[in-house]
Number of protein chains: 2
Amino acid sequence: MDLINRISSERSQFSKSERKVAELILHEPEQAIHRSIASLAALADVSEPTVNRFCRRLGCKGYPDFKLQLAQSLAQGTPYVNRDIEESDNVDQITQKIFDSTLNALNIARQSLDSRPITAAVETMVAARKIAFFGFGASASVAHDAQNKFARFDTPSVFSDDLLVQRMWAINSEPGDVLVCISHTGRTKALCEIAAIAYENKATVIGITAAHSPLSDSCHFTVSTNVPEDTDQYMPMASRIAQLVLIDAIIAGYTLQRGPEFREKLARVKEGLKGSRYSKQTTTKQ
Amino acid sequence: MDLINRISSERSQFSKSERKVAELILHEPEQAIHRSIASLAALADVSEPTVNRFCRRLGCKGYPDFKLQLAQSLAQGTPYVNRDIEESDNVDQITQKIFDSTLNALNIARQSLDSRPITAAVETMVAARKIAFFGFGASASVAHDAQNKFARFDTPSVFSDDLLVQRMWAINSEPGDVLVCISHTGRTKALCEIAAIAYENKATVIGITAAHSPLSDSCHFTVSTNVPEDTDQYMPMASRIAQLVLIDAIIAGYTLQRGPEFREKLARVKEGLKGSRYSKQTTTKQ
DNA sequence: CGTGTTTTTGTAACTTTACTACATTTAGAC
DNA sequence: GTCTAAATGTAGTAAAGTTACAAAAACACG
């Protein structure tokens, strides 16, 4: 959580003198970052060590570190107050909050990534004969997205959210084939079954799902994102965004691994898509 | 202009020793802000006054002031100087860079959002008789995702990436029906046609697309995200993530607008989904 | 309502950090 | 090669932040 908000929310835990410092900083944070500890202490009518202790209580290494964090907190625009959406919020507030929590979730996910399974995924996919992306519900659109990106590549790929289509693919799978199973919880029964079938057929099964879940047990390796809890109470939000970005990373890795000639192919695909679009010169009403 | 970019762009004007400092800071700006002038000077293999002069040349009052501005510059959504993926990057670096640029794009999108069309979208959808989400290519999976979320609601909704299905829906559309057209560029010919047909039939057409594009001309209103340029040269990455988050916001708005009884329904849907999953107690191999 | 204890706050010495003045080196011009 | 100017470094100084300890305030308990 952001420093300014922490000061604000932990206000009650401060001692009397520390509170004087807190009030001063919350009142004019922009000024505070340009002051020395002595000048700030004098202004708050407390001693310098009190200011120093105040900084430490907030988890900073000292006063300079505190100033640094405060400066960052200010630069961030920081509407970062209460992330939970409330009954009384208007659409603008809701939108900001959704963006904020997604940003927050992505940031946390980024920090807790393990590059080893990602590297393994890239290598497996570069070597793949054919690749399938399967998922249900919200994860179906993630799988859909992944396959869409692979459609530009020359490795045959399929997406399906159809139980029977998935099953048929799994039954027909062979060594060298890759199955990417996407699930937020890793507990969708149907998908676990499909993964197990493909596993038995010696296809490489990659899970983009929760670590140590039933699904991950049927995967050769699992790429997981460590998203805190989900933004929305009723459906996956931030977690699937993290999955999508993760897939972007895998795709970027794949593209790079394939070398420069491959990127030339991609450029040709992009060029070829132009025919389906109006050119930028087209006049519009506005 | 932002400090980091200034350092980068004024690189040529620095003297030899100052350039050493500049390189070091551009290479690891996060580290630099936690160092003392002495430690930074030693690392760059120059003297302390050289670092100090470097700071002054950039218009800072001194080294502490420089650190402060650098910290702010970093916190500010950080238009990272060179976040482009390079041939020599390993998978870990690629992943970090993809996450970084997505975070950056989302942050910029957040700051440039216009809440009016979002509010309009929420209101329109709450009042809708039935809703369709259409898109092609990468936007198809975005549309897919949106419909997936609406599947939990009681308003009938469809998704399609099939030209003919879309056309049939558009032809059958009536006042009170809502069509959400998703396109990154807003220039996909086929989708413009579909939008125009629905428009003529007096359905409400919402565009989640670029402002002032051919597609937005056939929409009653357009919700657009102002994502800088795309992360990846060959396919939409950050832009579609922004679209997804935008849709999340619309959905959150919709849910809230519908009131508490509606949220009870959602809770029931969630409960009902449990049957398709293994419960958390299920033992796993690990 | 005092006494012992704990917590809070301040004082003063100390350490670290940044800055300034000046000396030295380096690079370029003639 | 020598002179000049720019760049860089050295050493001393001033300022800032930190630590250790002592005083004061708040609190608990008889």
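Every chain is numbered from 1, with letters handed out A, B, ... down the list of sequences. The basis for the numbers below is simple: all heavy atoms, side chains too, and nothing from hydrogens, waters or symmetry mates. Keep in mind that what you see is a predicted model, and the values were worked out from it rather than measured.
- For C:dT7, the OP1/OP2 oxygens have no side-chain nitrogen or oxygen of A:Ser15 closer than 4.0 Å.
- Shown here are the side chain to side chain donor-acceptor pair (under 3.5 Å) partners of B:Gln257, two or more places apart in sequence or in another chain: there are none.
- The nearest whole Å value for the distance from the NZ atom in B:Lys61 to the P atom in C:dC19 is 10 Å.
- Scored by the salt bridge (Lys or Arg N to Asp or Glu O under 4.0 Å) test, A:Lys67 finds no partners at all (sequence neighbours excluded).
- Chain A approaches DNA chain D within less than 4.0 angstrom (heavy atoms of the protein), and the contacting nucleotides run 5' to 3' from D:dA16 to D:dA26.
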Using atom types as modelled, flag every donor-acceptor pair under 3.5 Å from a side chain in residues 37-50 of chain A to any protein atom, sequence neighbours excluded.
from	atom 1	to	atom 2	distance (Å)
A:Ser39	OG	A:Arg35	NH1	2.6
A:Ser47	OG	A:Thr50	OG1	3.0

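- Considering only residues two or more places apart in sequence or on other chains, B:Glu23 meets the salt bridge (Lys or Arg N to Asp or Glu O under 4.0 Å) condition with B:Arg11.
- At a threshold of 4.0 angstrom between heavy atoms, the contacts of A:Arg56 are confined to the sugar-phosphate backbone, with no base atom among them.
- By the side chain to side chain donor-acceptor pair (under 3.5 Å) test, B:Ser224 pairs with no residue at all, sequence neighbours left out.
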Review item, nucleotides 10-15 of chain C N/O atoms under 3.5 Å of protein N/O:
from	atom 1	to	atom 2	distance (Å)
C:dG10	OP2	A:Ser47	N	3.0
C:dG10	OP2	A:Ser47	OG	3.4
C:dG10	OP2	A:Thr50	OG1	3.2
C:dG10	N7	A:Arg53	NH2	3.2

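- The side chain of B:Asn52 places no N or O atom within less than 4.0 Å of a non-bridging phosphate oxygen (OP1 or OP2) of C:dA18.
- The salt bridge (Lys or Arg N to Asp or Glu O under 4.0 Å) search around A:Arg56 returns none, not counting sequence neighbours.
- In terms of position on DNA chain C, the residue among B:Lys16 and B:Ser39 whose nearest nucleotide sits closer to the 5' end is B:Ser39.
- Residue A:Ile250 forms a side-chain contact (heavy atoms from CB on, under 4.5 Å) with just one option from A:Thr119, A:Val180, A:Val122, A:Thr124, and that option is A:Val122.
- Here C:dT17 presents its C1' atom at 9 Å from NZ of B:Lys67, a figure rounded to the nearest Å.
- Residues that satisfy the side chain to side chain donor-acceptor pair (under 3.5 Å) test with A:Asp114, not counting sequence neighbours, are A:Arg116.
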